[in-house]
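Note that this is a predicted model, so its numbers are computed, not measured.
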Amino acid sequence: MRTDSPISPTLVAWANAWLTGHVGLDEAVDRVERAAGPQLVAVPVDASPATEAGHHPELSAPADLTVAEVTDVPLRGFLADLRADGLTSFRLALPAPGDPLGLTGPPPFTRAALDAGQAAIAVLAGRRLGLVPAADRRGSSYAGVRWTAMPAAPNDADIPQLAEAEHALTLTMRSATDALVGVDGPAQGFPSLDGADEALAPGYPGRAHRLGALASRLALALRLAEERGLTSGQLTARGQALRDLDRAVRRARVAAHHAIVELRTP
């Protein structure tokens, strides 16, 4: 999927809103599917016929599974099963090469999340489960998302808190704007982003809504900037500014989506 696709942030935001009682499961899943179509989760299956339907204890199995060893489960049922298994929250990962933001391993999950540029992490009692999205297209009329469920490390990643991420993004925006406006020739500055907001779910604090909307707009700006024609000299002049902005944007988005979890942390 495109690394700026909102599907992992949308799942994290609305699943957390559901887990904190601000929306129902149906509303949360409907909102996620409205963003990217039908949602399926590919989960490992136990070859033993004794496995109970609706439960997935084998999700702690190794991640290098063949197609024959997984089954597709609708997202709604998958989330309901996870909650029965002790699901407490979701966390967002938006990694980039050299910057595994939101990830703590193991290597198979880290590699898959880096390839996708994003992932969601389900926090359960005593373990974590990583979900990596991919576009799911079957024929000419079906377009959705297929998540791959993989074991994730049980420890929390080191991510900035909301206030820290907001301050860093503000400073980086100023520096990047100065650098981009100073580039002579075509395609100066940022393209228009009217209507590009990506809203968080109910239950998030107002500051998180504002920061998340700004960060999502800037994420789109970064992608559109890559599609505009610049000379090699212009690319060199703006390169570091855009790399710094990309890093700040990803941290702001992760911090905003984690804010609802911060509220419940003593």
Side-chain angles (χ1 to χ4, degrees), residues 1-16 32 35-37 39-44 56 58-67 69-70 72-73 75 78-79 82 87-124 127-137 144-160 165 198 200 212 215-216 218-220 222-223 226 243 246-261:
M1 302 193 72
R2 292 198 328 263
T3 57
D4 67 327
S5 162
I7 191 58
S8 291
T10 301
L11 174 61
V12 169
W14 286 87
N16 279 334
V32 176
Q39 310 276 313
L40 297 174
V41 183
V43 297
H56 310 287
E58 64 282 358
L59 285 174
S60 58
D64 53 344
L65 299 167
T66 65
V67 174
E69 295 172 308
V70 300
D72 287 341
V73 177
L75 179 62
F78 179 78
L79 292 177
L82 282 189
L87 176 66
T88 60
S89 66
F90 271 88
R91 296 174 182 266
L92 177 63
L94 293 176
D99 181 21
L101 178 63
L103 301 175
T104 57
F109 174 52
T110 296
R111 287 194 296 269
L114 277 169
D115 287 344
Q118 58 178 289
I121 301 170
V123 179
L124 298 103
R127 66 187 181 98
R128 304 287 171 91
L129 183 65
L131 298 174
V132 180
D136 186 10
R137 290 184 170 82
V145 173
R146 186 173 186 258
W147 301 85
T148 298
M150 307 175 69
N155 50 308
D156 289 334
D158 184 16
I159 62 173
E198 170 194 312
L200 289 172
S216 68
L218 290 172
L220 177 58
L222 287 165
R223 179 173 65 84
E226 293 299 323
R243 284 190 294 272
D246 172 74
R247 185 177 187 275
V249 163
R250 287 184 292 105
R251 275 160 175 73
R253 296 180 81 189
V254 168
H257 284 77
H258 184 252
I260 199 170
V261 179

Taking every non-hydrogen atom, the tightest pair across [X] and [Y]:
X: Ala119; Y: Leu92; result: O-CD1, 3.6 Å
X: Val132; Y: Gln118; result: CG1-O, 4.3 Å
X: Leu75; Y: Leu11; result: CD2-CD1, 4.2 Å
X: Arg253; Y: Ala215; result: CG-CB, 3.3 Å

Run the numbers on His257 and Ile159 for side chain to side chain contact (heavy atoms under 4.5 Å, CB included), then give the verdict. CA-CA 11 Å; His257 284 77; Ile159 62 173; over 6 Å; no
My understanding is that only residues two or more places apart in sequence, or in another chain, count here; which of them pass side-chain hydrogen bond (donor to acceptor under 3.5 Å, both in side chains) with Trp147? Gln39
I'd like to check the side chain to side chain contact (heavy atoms under 4.5 Å, CB included) partners of [X]; sequence neighbours left out, ordered by chain and number.
X: Ala122; result: Leu82, Leu87, Phe90, Leu124, Leu129
X: Arg243; result: Gln240
X: Arg128; result: Arg91, Ile121, Val123, Ala152, Asp156
X: Asp246; result: Leu222, Arg250

In Å and rounded to the nearest 0.5 Å, what is the OG to CG distance from Ser8 to Leu94? 7.5 Å
Return the CD1 to CG distance between Ile260 and Leu200, rounded to the nearest 0.5 Å. 9.0 Å
With the side chain counted from C-beta on, respond yes when Asp99 and Arg251 share a heavy-atom pair under 4.5 Å apart, and no when they do not. yes
Reference residue Phe78; test side chain to side chain contact (heavy atoms under 4.5 Å, CB included); the match among Val43, Leu40, Asp72: Val43
Sequence neighbours left out, cut at 3.5 Å: what donor-acceptor pairs do the side chains of residues 102-113 make with other protein atoms?
unit_1 : atom_1 : unit_2 : atom_2 : d
Thr104 : OG1    : Asn155 : O      : 3.2
Thr110 : OG1    : Pro106 : O      : 3.3

